[in-house]
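When a residue number appears, it is its place in the shown sequence, counting from 1.
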Amino acid sequence: MTALVIRTAEDAIAAVPYLLGFHPSRSLVVIGFESDTNGTCAIRLDLPSSDAADRVADLLSGNGFRRSLLLGYGPDDEVRDSVADLRPALVAAGVPASEAIRVADGRWWSLTCADDCCPAEGTPYDSATTLIAAQATFAGQVALADRSDLVRSLAPLDDPTRTSMREATIRAEQSPPPETRTEALDFITTTLHRARTGTSPTDDETARLGVLLTDMRLRDEAWVRIDGDAPSADIALWRDIVRRVEPPYVPAPASLLAYSAYIAGDGGLANIALERALDADPGYTMALLLRQVINTGIPPSKLRLRTTPAQLATDYNDHQQTT
């Protein structure tokens, strides 16, 4: 979900790669709009997508969207069949599709045009020249070539970094634990601050951070310090940490990345980050919670934590006193 304003078919085509984080292929993208508070929502379905119609319609309706737009990327027959399955469900849910279009090879075709209003060869477009693309680029949003590129952007780094991180992880695991939680928290906050000012953590710092974040309290301390208004620096940091830590230490930073990405409107990156977290630990609670949030379409504006570090400390102290 994002603040991008979509007024035309060309706007929608230009916005989709930034809403998803990559250029879709063999996909049906459903955009929900006309919501009082939730901005714009983009949901991508693999083609064919006939079994998802009711779920998608209910998700949009349940989150307050009143209109929708369908964009199909793939063979004409698959796109038309999927659109035909989805449009009645959207109407029944009170989120009718104002337009349905097919996009291919730099052209688009309206699937709702019943006369000669659209050329048979399609209408050419150039997303790179649109205001939408300029706004997204200015905001730091990136659209990768396809979903596989997005997956690779979170893949573990190879040698020599991998060898160095294995050695750093052994040192971190064998080091004496911090004498107090305050000492550990000081290290985490200092590392976060330095990263936000352009200094990436060293391999030893990254390894130590991975080990410390296995403590749920320390992970939550990092969580409440994510900048909900401008999370780009947090996204960059946690993406880097996820790629560098050893597999047992992936779940916490991957979940922190997923949260940072989702509140920034980058659902594609959030989903890939959750895949990394749950591949490492299928039962990791924070990742499962965020997966449920995304699957139910809760908008980023409602997901942002309002808890301050001081409130978190109070909550933990109250919990300890009652257990």
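- Side-chain contact between S98 and T112 is absent, with no heavy-atom pair separated by less than 4.5 Å.
- For the ring-ring contact (aromatic ring centres under 6.0 Å, His included) test, residues two or more places apart in sequence or in another chain that qualify with W223 are Y259.
- Counting non-hydrogen atoms of other residues, nucleotides and ligands closer than 6.0 Å to CD of Q292 gives a total of 12 or fewer.
- Counted within 6.0 Å of CD on E179, heavy atoms from surrounding residues, nucleotides or ligands total 12 or fewer; the atom is thus considered open.
- Counting only residues at least two apart or on different chains, no ring pair (Phe, Tyr, Trp, His ring centres under 6.0 Å) pair has a member in residues 268-290.
- Connection of L257 to I294 is established within a shared hydrophobic cluster, with ILVMFWY side chains joined at heavy-atom distances below 4.5 Å, either directly or through further cluster members.
- Linking ILVMFWY residues whenever their side-chain heavy atoms come closer than 4.5 Å, directly or via other members, leaves L288 and I272 in distinct clusters.
- V91 belongs to no hydrophobic cluster, as no Ile, Leu, Val, Met, Phe, Trp or Tyr side chain comes under 4.5 Å of its own.
- A single hydrophobic cluster is seen to contain both I241 and L150, as judged by linkage of ILVMFWY side chains at heavy-atom distances under 4.5 Å, directly or through other members.
- Every residue was checked against the side-chain hydrogen bond (donor to acceptor under 3.5 Å, both in side chains) condition with Y125, not counting sequence neighbours, and none meets it.
- In this structure, the salt bridge (charged side-chain N to carboxylate O under 4.0 Å, His left out) partners of E275, at least two apart in sequence or on a different chain, are R147.
- With sequence neighbours excluded, no residue forms a salt bridge (charged side-chain N to carboxylate O under 4.0 Å, His left out) with D77.
- In the hydrophobic clustering, where aliphatic and aromatic side chains (Ile, Leu, Val, Met, Phe, Trp, Tyr) are joined below 4.5 Å either directly or transitively, W109 stands alone.
- Take R219 and apply the salt bridge (charged side-chain N to carboxylate O under 4.0 Å, His left out) test, not counting sequence neighbours, and it matches no residue.
- Using a cut-off of 4.0 Å between Lys/Arg side-chain N and Asp/Glu carboxylate O, D85 and R87 are scored as not salt-bridged.
- For D146, there are no salt bridge (charged side-chain N to carboxylate O under 4.0 Å, His left out) partners at least two apart in sequence or on another chain.
- Between E205 and R194 a salt bridge is recorded (basic side-chain N to carboxylate O distance below 4.0 Å).
- Every residue meeting the side-chain hydrogen bond (donor to acceptor under 3.5 Å, both in side chains) condition with R291, not counting sequence neighbours, appears here in chain and number order: N271.
- Checked against side-chain hydrogen bond (donor to acceptor under 3.5 Å, both in side chains), R244 has the following partners two or more places apart in sequence or in another chain: D203, T206, D240.
- Scored by the side-chain hydrogen bond (donor to acceptor under 3.5 Å, both in side chains) test, R26 finds E78 as partners (sequence neighbours excluded).
- Taking 4.0 Å as the cut-off between side-chain N and carboxylate O, R196 and D227 do not count as a salt-bridged pair.
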